[in-house]
Amino acid sequence: MIKINACIFDLDGVIVDTAKYHYLAWKRLANELGFDFSENDNEQLKGVSRMTSLDILLGIGNLTFSHEEKLKLSDKKNQWYVEYILKMTPDEILPGVVDFINSLRDNNIKTALASASKNAMTILKQIDMENYFDIIIDGTKVTKAKPNPEVFLKSALELGVESKYCIVFEDAVAGIQAAINAEMHNVGVGTPTVLTKANYVISSFEGLNIETLKLNFFK
Ligand code: B16
Ligand code: MG
């Protein structure tokens, strides 16, 4: 059986479903700019940085703006997004997450939160999880967006654990690729048809603990 010393969690889409709030805010911006933005389009934005998300959105609308204008647009979207996340409560933690993290603690496995979001601390405070992880690396601490492995490598370094002893939990295609680039094990949270490069895919953390994970997934 493989040895695991650390579990590294993405935030949006793994601990909470904030993709719906990103979607509502991006859709509002698209509508204001005169085009529509579907939930299907939103899939492309999962896990990627705010400015890359804006570039993808503007590509869909076939619009071009200067760098300064783009900063204003992304700020606008972020203000709307923050309004949504400030209403979040611990009830929005996805099923099974807390029990799974507790099972890691019982097994002396370290934990990290590794998110591309600059709003990660606000979300963690809203859901009462800001003291839940050994370390937190968020979008304010990295410069290179997923699929670059920086956020995961920095997490492992701060935890003092080698990449080969880490499992990354990710919901985004770009995030799974970042874990592969970091040479870490990875578990996709979502559907296998989307997360085709993941080592293993779970639909939720419900009923999962580290022993079943190691036994069933990493024989
Ligand atoms: P913000 P994750 C990512 O978070 C989201 O999946 C992605 O949709 C978002 O654009 C990115 O954070 C930046 O978020 O605008 O709040 O800084 O999945 O890496 O936890
Ligand atoms: Mg995510």
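Counting starts at 1 for both ligands and their atoms, following the listed order. Residues: numbered from 1 along the sequence shown.
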TODO: Check whether any N or O atom of Asp171, backbone or side chain, sits under 3.5 Å from an N or O atom of ligand 1, and answer yes or no.
DONE: no
TODO: Using non-hydrogen atoms of the residue, decide whether Lys146 is closer than 4.0 angstrom to ligand 1.
DONE: yes
Task: Pick from Thr122, Val48, Thr140: the one approaching atom 9 (C) of ligand 1 most closely through a non-hydrogen atom - done: Val48
Open item on the list: Taking only non-hydrogen atoms of Gly139, do any sit less than 4.0 angstrom from ligand 1?
Closed with: no
TODO: Would you check the N or O atoms of Tyr81, main chain and side chain alike, for any that come under 3.5 Å of an N or O of ligand 1?
DONE: no
Task: Between Asp106 and Ser103: side-chain donor-acceptor atoms closer than 3.5 Å - done: no
Open item on the list: Minimum distance, heavy atoms only, to atom 1 (P) of ligand 1: which one of Ala174, Ser117, Ala25, Ala145 is it?
Closed with: Ser117
Open item on the list: How long is the straight-line distance from CG of Leu157 back to CD1 of Ile135, given to the nearest 0.5 Å?
Closed with: 9.0 Å
Task: Step-by-step ring pair (Phe, Tyr, Trp, His ring centres under 6.0 Å) determination, Tyr21 to Tyr81 - done: CA-CA 6 Å; Tyr21 302 129; Tyr81 177 66; 7.1 Å; no
- [ ] To 10°, measure the OD2(Asp10)-the Mg ion (ligand 2)-OD1(Asp171) angle for me.
- [x] 80°
TODO: Mind telling me whether Phe9 and Phe169 have parallel, tilted or perpendicular rings, with 30° and 60° as the class edges?
DONE: parallel
Task: ligand 1 N/O within reach of Lys118 N/O, cut-off under 3.5 Å - done: yes
TODO: Indicate, as side chain, backbone, both or neither, the part of Leu11 found under 4.0 angstrom from ligand 1 when only non-hydrogen atoms are considered.
DONE: both
- [ ] Please determine, by modelled atom types, if His22 and Lys46 share a side-chain donor-acceptor pair under 3.5 angstrom.
- [x] no
- [ ] Using distance alone, determine whether Ala114 and ligand 1 share an N or O pair under 3.5 Å.
- [x] no
TODO: Considering only non-hydrogen protein atoms, determine which one is nearest to atom 6 (O) of ligand 1 and report residue, atom name and distance to 0.1 Å.
DONE: Gly47 N, 2.8 Å
Task: Minimum-distance protein heavy atom relative to atom 18 (O) of ligand 1 - done: Asp10 OD1, 2.8 Å
TODO: Name the closest protein heavy atom to atom 8 (O) of ligand 1, giving the residue it belongs to and the distance to 0.1 Å.
DONE: Leu45 O, 3.1 Å
- [ ] Pick one of side chain, backbone, both or neither for how Ser115 approaches ligand 1, counting any non-hydrogen atom pair under 4.0 Å.
- [x] both
TODO: Find, among atoms of Asp12 that are N, O or S, the one nearest to the Mg ion (ligand 2), and state its name.
DONE: O
Open item on the list: Please identify which of these residues, Ile101, Ile93, Leu124, Val97, meets the side-chain contact (heavy atoms from CB on, under 4.5 Å) condition with Tyr132.
Closed with: Ile101
Task: Polar atom proximity, Glu170 to ligand 1 (N or O, under 3.5 Å) - done: no
TODO: For atom 5 (C) of ligand 1, find the nearest protein heavy atom and state the residue, atom name and distance (0.1 Å precision).
DONE: Asp12 OD2, 3.2 Å
Open item on the list: Please evaluate residues Asn40 and Ser38 with respect to the criterion side-chain hydrogen bond (donor to acceptor under 3.5 Å, both in side chains), reporting the C-alpha separation (whole Å), side-chain torsions for both, the decisive distance (0.1 Å), and the verdict.
Closed with: CA-CA 5 Å; Asn40 197 32; Ser38 70; 5.2 Å; no
Open item on the list: Under a 3.5 Å threshold, yes or no: a donor from one side chain and an acceptor from the other, between Asn181 and Gln177?
Closed with: yes
Task: Heavy-atom side-chain proximity of Gln126 to Leu86 below 4.5 angstrom - done: yes
